[in-house]
Each structure stands twice: as structure tokens, then as C-alpha cells.
Amino acid sequence: MPELPEVETIASTLRGERGGPGLPGRVIQRAHLLWPRTLAEPAPAEFAARIAGQPVRQVGRRAKYLVFQLEPDWLLLHLRMSGDLRLEPASAPLQPHDRLCLELDGSLRLAFNDARKFGRAWLLADPQAVLCRLGPEPLAEDFTPAGLHHKLMQTRRQLKPLLLDQTFIAGLGNIYTDEALHMAGLHPLRRADSLSTSEAETLWHAIRSVLADGIRRNGASIDWVYRGGDFQNHFRVYQRTGQPCPVCGAAVVRTVVGQRGTHYCPQCQKTGS
DNA sequence: CACGAGACCTGTTCGC
DNA sequence: TGCGAACAGGTCTCGT
């Protein structure tokens, strides 16, 4: 579910920057693993023994991963399609799809809820063991128009699947990819190596703009998954099949590209050239 | 290398 | 009303 802006929103909430209590400085007392497969690494017994007593030093984000710097280990969480986190009083009732709970001092609980069970947790001495495969962070300074253009020139792949590939660029998901391509006026099936320098720069700008907008609106809330965001009310094309394109008024089209629903404006996003 | 299909999962919505 | 199909924010693996 969450893409970069939703994960960023959750990370800042857990840092205590949005009103509630924060995690940094608290000590993990105990772990409850309710669905074993949620834990990618290490084995459940070692996880429980190792994480108990470790303090949370900082909460960050890399692409769609939540990164918890403990002492001495690191905890990584990936929410995948339906994951969500709650920081709540330890006395609050557990919810139907809670998969992993961490009890913290101050009578708090961090609950990892995940209806579809795709989410994963890792406890690692070195987070790079998992994060090292990720491509550039799109909002970081080292992600540049020239760098993007250079990478685009090295592949003949279609833009939509390419932007979803986390080794090419890390953090975009189905929503923000469709939104960025629409803002850039690029067709989802355009070949990467066919973009001009200025088209690559336009795409670079669209990616950053759409992600920054998502963060500014606290992410997107759709259906029963994830709450609190407002960005779903500002979609240009995503889940707006048949509705007018905000730029030209043509009806938004939905197709399937790489087995993912794909929304675009047939007028603003032409295949050719 | 690039692509498609299938797997992993449950819940909601849509069409008949 | 009921029931099956389609669909959902992600990623991995396998076969071609």
C-alpha cells in the first residue's frame, strides 16, 4: 500500500513530529510475533531474544522501508500492500490483523497490522544487507536530471515498469508513477531510451513534484487501508478512469501494463515521438 | 536482458 | 440477496 509519501508520513509520526508520542529514546521491552512469516530475518526465537532491551535511537525511511536505528541492531519494516503501524497505549485492544507487536517502556505498543500478510520485518546488524539493492532516492540531492537521463539512455524498457523497478529508482509505486507520467506528459509505454534531454528533465521534475505533493498532503488514503492522508482527493489520473483529464478534459483511460492497472490521458500522453 | 505469469494473502466491490 | 470474478498502494521467482 504505502509508497514513499505514505511511509515518510508514518516515519515522521513515529518520530513524534505530528502530535503524539515518539519512539526515539524508548526501549523495546518485548516482541510478540503473531504471524511468523512476517519476520524475514532472523528466526523468531533469536529475534525475540535479540530485540528485547534495545533502545530506539532514530526512525527514518529509505525508499518504502521504515528504518529503525536500535542499539546495536537495526529494524527494517516494509509495509508492502496493506501494512500499517499504530503507536498506542499497551492497554489498547489488539486489532484483527496485527502481525507483530513491540512493547515499549512508557506502556506503549508499536503494532504492525497487515491484512494481506505481504509485509516483512528484518532485524539486522547492518541494514545495507537489505537496502543495498535500492536505486537512487528521488528526493535526495544526488538524484539529478542529468543522472536520470543517463540511466534512461541505458535501457529500452517501458517507462511504467521501469519507474516501478526499485533498483532503477526507489520509492515510486503504482499511484505516484501514473501521476508522475501524467504530469510529465509521457506515455506509460514510451521506451526509456527514446526520451530527449528535456523530456528526461521534465520527468525528473514531475517525479519530485508528485512525491513532494504527496508528502505535503500526508500521503493518500484509499479504501480501508491507511488513514490520515488527503492526496487521494488530488489524483490527476490514478483511479479516475473515464473522468476528465485535469489538463485537457479528455477521458482518462485505464489499461494494464506489466500486470498493474495503469491510468493515463490519451490526449496529453502520446505514445509516439 | 526484458518480459510475462504465477506466487504470496485477505478484503472489498462489481456484475449478473 | 447471493455468489463468483475482478481488483487492490508490492515484490520475488521462475520460465521463455
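Keep in mind that the numbers below use all heavy atoms, side chains included, and drop hydrogens, waters and symmetry copies. The sequence lines fix the lettering, A, B, ..., with proteins before strands; numbering per chain opens at 1.
- As rounded to the nearest Å, B:dA2 and C:dG9 have C1' atoms that lie 25 Å from one another.
- In this structure, the nucleotide among B:dC9, C:dT11, B:dC3 sitting nearest to the side chain of A:Arg37 is B:dC9.
- Across all strands, A:Gln259 comes closer than 4.0 Å to base atoms (heavy-atom distances).
- Checking side-chain atoms of A:Arg236 against main-chain N and O of A:Ala180 turns up no donor-acceptor pair under 3.5 Å.
- Heavy-atom distances to DNA chain B give each of A:Trp35 and A:Thr155 a nearest nucleotide, and the one nearer the 5′ end belongs to A:Thr155.
- In this structure, the aromatic ring of A:Phe118 is not positioned over the six-membered ring of the base of C:dT11 within 5.5 Å between centres and 30° between planes.
- Taking the P atoms as reference points, C:dC7 lies 14 Å from B:dA5, given to the whole Å.
- A donor-acceptor pair is defined here as one N or O able to donate and one able to accept, closer than 3.5 Å; such a pair exists between the side chain of A:Ser221 and the backbone of A:Gly229.
- For the pair A:Arg86 (side chain) and A:Asn113 (backbone), a donor-acceptor distance under 3.5 Å is absent.
- Distance A:Arg156 CZ to B:dA2 P: 9 Å, rounded to the nearest Å.
- Between A:Tyr65 and A:Trp122, the ring-plane angle classifies as tilted under the 30° and 60° cut-offs.
- Counting heavy atoms from C-beta on, the side chains of A:Leu14 and A:Val56 never come closer than 4.5 Å.
- Looking at heavy-atom distances under 4.0 Å, A:Arg133 makes no contact with the nucleic acid at all.
- Between A:Gln166 and the phosphate of C:dG10, there is no side-chain N or O to OP1/OP2 separation shorter than 4.0 Å.
- If you take CG of A:Leu77 and P of C:dT11, they are 14 Å apart, rounded to a whole angstrom.
- A close approach under 4.0 Å does not occur between any side-chain nitrogen or oxygen of A:Lys64 and OP1 or OP2 of C:dG9.
- Between A:Asp114 and A:Lys117 there is no salt bridge, since no side-chain N of the basic residue sits under 4.0 Å from a carboxylate O of the acidic one.
- Nucleotides B:dT12 and C:dT11 place their P atoms 23 Å apart, quoted to the nearest Å.
- You'll find that the side chain of A:Arg260 is closest to C:dT11, out of B:dC3, C:dA8, C:dT11.
- Tested against A:Glu137 for a salt bridge (Lys or Arg N to Asp or Glu O under 4.0 Å), the candidates A:Lys64, A:Arg62, A:Arg208 yield a single pass: A:Arg62.
- Using a 4.0 Å heavy-atom distance criterion, A:Arg120 is classed as making no nucleic acid contact.
- Looking at A:Glu103 and A:His32, their side chains do bring a donor and an acceptor atom within 3.5 Å of each other.
- Rounded to whole Å, the C1' atom of C:dG10 lies 22 Å from the corresponding atom of B:dC1.
- Look at CZ on A:Arg217: it is 18 Å from C1' on C:dG9, rounded to the nearest Å.
- The separation of C:dA6 from B:dA7, taken at their P atoms, amounts to 16 Å, rounded to a whole angstrom.
- Atom CG in A:Leu134 sits roughly 14 Å away from atom P in C:dG10 (whole-Å rounding).
- B:dG6 and C:dA5: their P atoms are spaced 16 Å apart (whole Å).
- Here the C1' atom of nucleotide C:dG10 and the CZ atom of A:Phe168 are 19 Å apart, to the nearest Å.
- Panel note: side chain A:Asp73, backbone A:Leu123; no donor-acceptor pair is recorded below 3.5 Å.
- OP1 and OP2 of B:dT10 both lie 4.0 Å or more from every side-chain N or O belonging to A:His97.
- To the nearest angstrom, C1' of C:dA8 lies 8 Å from CD of A:Gln239.
- Nucleic acid contact class of A:Tyr176 (heavy atoms, under 4.0 Å, all strands): none.
- One finds a side-chain N or O of A:Lys117 lying less than 4.0 angstrom from the OP1 or OP2 phosphate oxygen of B:dT10.
- With B:dG11, B:dA2, C:dG10 as the choices, the nucleotide that has an atom nearest any side-chain atom of A:Arg157 turns out to be B:dA2.
- No donor-acceptor contact under 3.5 angstrom links the side chains of A:Glu201 and A:His205, judged on distance only.
- Rounded to an integer number of Å, the gap from CZ of A:Arg80 to P of C:dT11 is 7 Å.
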Set out, line by line, the N/O atom pairs under 3.5 Å between protein and nucleotides 13-15 of chain B.
none

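- We find that CZ of A:Phe231 is positioned 15 Å from P of C:dG9, with the value rounded to whole Å.
- With A:Arg109 contributing its side chain and A:Ala90 its backbone, the two residues share a donor-acceptor pair below 3.5 Å.
- For DNA chain B, each stem of at least three Watson-Crick or G-U pairs (distances under 3.5 Å) is given as range with range: B:2-8 with C:10-16, B:10-16 with C:2-8.
- Under 3.5 Å, the side chain of A:Arg116 and the base of C:dA8 form at least one donor-acceptor pair of N or O atoms.
- Residues A:Glu8 and A:Arg15 are paired through a salt bridge, judged by an N-O separation under 4.0 Å between the basic side chain and the carboxylate.
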